There are 2 protein chains.
Amino acid sequence: MRDDESGKRSKNGRSGSGSRAEARRATEEAILKAAETVFAEAGFGGATMQLIADMAGLPKANLHYYFATKEALYRRVVERIFTTWLEAADVFDEAVGPAEGIGAYIDAKMEISRSHPNGSKVWASEVMHGAPVIQDYLETTLRDWTEGRAKIIRRWIAQGQMADVDPHHLLYMLWATTQHYADFGHQIETLNGGKPLSDEQWEATKASVKGIVLRGIGVL
Amino acid sequence: MRDDESGKRSKNGRSGSGSRAEARRATEEAILKAAETVFAEAGFGGATMQLIADMAGLPKANLHYYFATKEALYRRVVERIFTTWLEAADVFDEAVGPAEGIGAYIDAKMEISRSHPNGSKVWASEVMHGAPVIQDYLETTLRDWTEGRAKIIRRWIAQGQMADVDPHHLLYMLWATTQHYADFGHQIETLNGGKPLSDEQWEATKASVKGIVLRGIGVL
DNA sequence: ACTCAACTTGACCATACGGTCAGAACAAGA
DNA sequence: TCTTGTTCTGACCGTATGGTCAAGTTGAGT
């Protein structure tokens with residue numbers, strides 16, 4: 001059933017040399033990557049530890065050595081995605097005005113949607129199911145982050161740099177629009193003749209999204 | 001285990017009178033409604049026929065009498081949602097211009113997001129997993145619908161009634177933004193202090209979304 | 001009252017899944 | 001080389017799930 005049958009890998013087939021701790025990190029990384037893919041494609045309920053193990057290239061029992069339970073593994077995957085998004089939002093703060101800040105934020109989130117679609121899908125799935133494992137993050141980190149950005153937007157509005165729109169709904173629109181290209185990527189690809197968006201199309205997409213949004217908030 | 005124990009329902013507990021065919025329709029309706037809820041909350045893989053049966057108020061074996069397999073039941077649920085959306089899009093065609101047409105479309109989709117959040121979630125889940133059961137709909141009905149609306153939008157642009165934006169990306173933005181309030185309703189609720197949006201907040205939301213989008217396409 | 005197809009249901013089955021375990025293989029320090 | 005903790009793995013287990021089945025019950029048509 002396993003996809004390799006060399007039968008004589010020097011150790012575990014990953015990174016021939018390196019310290020013990022490094023090998024462990026590499027294995028965990030491979031598992032997390034495989035898990036993200038499987039969870040994204042099948043959902044939490046549809047994912048199986050066997051499938052994740054196969055994709056990571058190790059026996060199921062070994063997978064359980066690194067991650068005791070399916071829930072624990074899933075939690076780590078979701079936490080990773082959340083962290084990635086938070087880090088990518090720094091562009092927001094460093095901007096001097098809405099055109100630059102929101103434009104750069106759209107660019108950043110769109111890039112993540114293209115390079116990390118599976119993460120976005122896992123997050124969407126988690127939230128759609130009522131956020132059973134990351135509810136605490138929503139109530140603390142995400143809420144703080146959102147309020148912080150809302151304050152910045154309100155300042156821009158007060159300074160007359162953009163139209164008077166509700167900051168929360170603007171943020172929701174940014175999330176919805178950018179993540180849509182990851183979560184509904186399959187639908188978009190189908191409507192694009194069955195082919196993924198080309199590099200040119202992708203640039204046009206970002207420009208189009210930014211154009212509508214920035215014009216929509218009176219910046220342009 | 002079953003939640004009722006009356007033990008003496010005259011027939012099946014649903015609609016005491018009515019023809020045979022009508023009773024069948026009522027039972028199927030109850031099953032489909034329960035299934036939509038369970039599929040939305042747990043995903044296809046996490047949903048169980050037992051849970052759906054319990055929620056519909058009949059034994060699992062009886063559920064299999066009406067829907068042979070889990071897949072068949074799921075397919076019917078997804079088809080229903082798709083139909084609902086298509087019907088709600090009529091407002092688009094009847095409009096004389098973009099302000100009215102797109103504004104009304106946003107209103108319609110937002111209302112569906114509020115009244116039918118589970119349907120939206122099931123659809124999102126299906127598409128995110130690669131549309132294993134409704135791929136044909138995407139390639140035929142949805143593609144035709146999309147091209148038709150894109151043509152209308154292009155006409156509006158040609159007539160100088162709105163800004164020159166890519167019709168497809170505009171449609172994606174409409175879908176993303178409106179469905180976000182259903183699919184990510186839990187996240188929005190959490191960021192709203194744990195309370196669902198009130199009627200007033202809901203009206204403000206619709207106005208805000210329409211405001212940004214319509215201004216974004218040069219109509220306002 | 002009788003018939004027969006439509007419907008209902010508890011009990012049952014095979015399978016697949018998450019998780020366990022005992023022991024083998026390995027590597028690093030003494 | 002020996003020891004010891006870490007890592008690896010096949011075999012195994014209990015449970016839950018989708019689905020089946022045979023034996024009922026019901027009710028409309030005659």
Side-chain angles (χ1 to χ4, degrees), chain A residues 1-31 34-35 38-39 42-75 133, chain B residues 1-31 34-35 38-39 42-75 133:
Chain A
M1 203 65 87
R2 211 66 70 265
D3 54 350
D4 81 79
E5 50 186 25
S6 65
K8 200 135 281 182
R9 297 168 302 170
S10 76
K11 191 199 310 193
N12 60 9
R14 250 175 307 289
S15 67
S17 66
S19 76
R20 203 84 169 226
E22 188 181 338
R24 183 171 191 114
R25 267 201 342 116
T27 304
E28 284 189 357
E29 180 60 33
I31 293 173
V38 174
F39 282 134
F44 178 82
T48 71
M49 294 298 267
Q50 184 66 61
L51 215 71
I52 294 169
D54 288 352
M55 188 164 292
L58 39 77
K60 187 172 65 124
N62 200 7
L63 177 57
H64 273 98
Y65 174 77
Y66 285 93
F67 296 93
T69 67
K70 189 181 177 186
E71 272 84 5
L73 174 55
Y74 175 74
R75 175 175 262 271
V133 325
Chain B
M1 205 64 86
R2 210 68 67 266
D3 55 349
D4 82 77
E5 48 187 25
S6 63
K8 199 134 281 184
R9 296 171 301 171
S10 77
K11 190 199 312 193
N12 60 6
R14 251 175 307 287
S15 67
S17 65
S19 75
R20 204 83 168 224
E22 189 181 338
R24 183 172 190 111
R25 269 203 339 118
T27 303
E28 284 188 356
E29 179 61 32
I31 292 173
V38 173
F39 282 134
F44 179 81
T48 70
M49 294 298 269
Q50 184 66 63
L51 215 70
I52 294 170
D54 288 351
M55 189 165 290
L58 39 76
K60 186 173 65 121
N62 199 8
L63 176 57
H64 273 97
Y65 174 78
Y66 284 93
F67 296 92
T69 67
K70 190 182 176 185
E71 273 83 4
L73 173 55
Y74 175 74
R75 175 174 262 272
V133 323

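Hydrogens, waters and symmetry mates play no part in the numbers below; they use all other heavy atoms, side chains included. These figures come from a predicted structure and were not determined experimentally. Every chain is numbered from 1 and lettered A, B, ... according to where its sequence line falls, protein lines coming before strand lines.
- Under 4.0 angstrom from either OP1 or OP2 of dT8(C) there lies at least one side-chain N or O belonging to Tyr66(B).
- Atom CE of Met49(B) and atom NZ of Lys60(B) lie 8.0 Å apart (nearest 0.5 Å).
- In terms of the salt bridge (charged side-chain N to carboxylate O under 4.0 Å, His left out) criterion, residue partners of Glu29(B) (sequence neighbours excluded) are, by chain and number, Arg80(B).
- Distance CZ (Arg25(B)) to P (dA6(C)): 19 Å, rounded to an integer number of Å.
- Taking atom CD on Glu28(B) and atom P on dA6(C), their separation rounds to 14 Å, with Å as the unit.
- Here dC8(D) presents its C1' atom at 9 Å from CG of Leu58(A), a figure rounded to the nearest Å.
- For Arg25(B), there are no salt bridge (charged side-chain N to carboxylate O under 4.0 Å, His left out) partners, not counting sequence neighbours.
- Following rounding to the nearest Å, Ile52(B) (CD1) and dA16(D) (C1') show an atom-to-atom distance of 15 Å.
- Distances shorter than 4.0 Å separate some side-chain N or O of Tyr65(A) from OP1 or OP2 on dT7(D).
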Can you check nucleotides 17-19 of chain D for protein contacts, nitrogen or oxygen pairs under 3.5 Å, and list what you find?
residue, atom, partner, partner atom, Å
dG18(D), OP1, Ala47(B), O, 3.1
dG18(D), OP1, Lys70(B), NZ, 3.2
dG18(D), OP2, Met49(B), N, 2.9
dG18(D), N7, Lys60(B), NZ, 3.0
dG19(D), OP2, Lys70(B), N, 2.7
dG19(D), N7, Lys60(B), NZ, 2.9
dG19(D), O6, Lys60(B), NZ, 2.7

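- Nucleotides of DNA chain D nearest to Ala61(A) and Ala61(B) differ in position, and the one nearer the 5' end is that of Ala61(A).
- In this structure, the side chains of Ile31(B) and Leu58(B) come closer than 4.5 Å at one or more pairs of heavy atoms.
- The two residues Ala47(B) and Ala42(B) make their nearest non-hydrogen contact at N-CB, 3.7 Å.
- Within the structure, a side-chain polar atom (N or O) of Arg24(A) is placed less than 4.0 Å from OP1 or OP2 of dT7(D).
- Contacts of Phe44(A) classified as ring pair (Phe, Tyr, Trp, His ring centres under 6.0 Å), with partners at least two apart in sequence or in another chain: Phe39(A), Tyr74(A).
- Rounded to whole Å, atom P of dC17(C) lies 14 Å from atom CG of Leu63(A).
- Atom pair Leu51(B):CG and dA16(D):C1' shows a separation of 13 Å (rounding to whole Å applied).
- We find that CG of Asn62(A) is positioned 16 Å from P of dG19(C), with the value rounded to whole Å.
- Atom CD in Glu22(A) sits about 12 Å away from atom P in dA28(C), given to the nearest Å.
- Between Arg24(A) and Glu28(A) there is a salt bridge, since a side-chain N of the basic residue sits under 4.0 Å from a carboxylate O of the acidic one.
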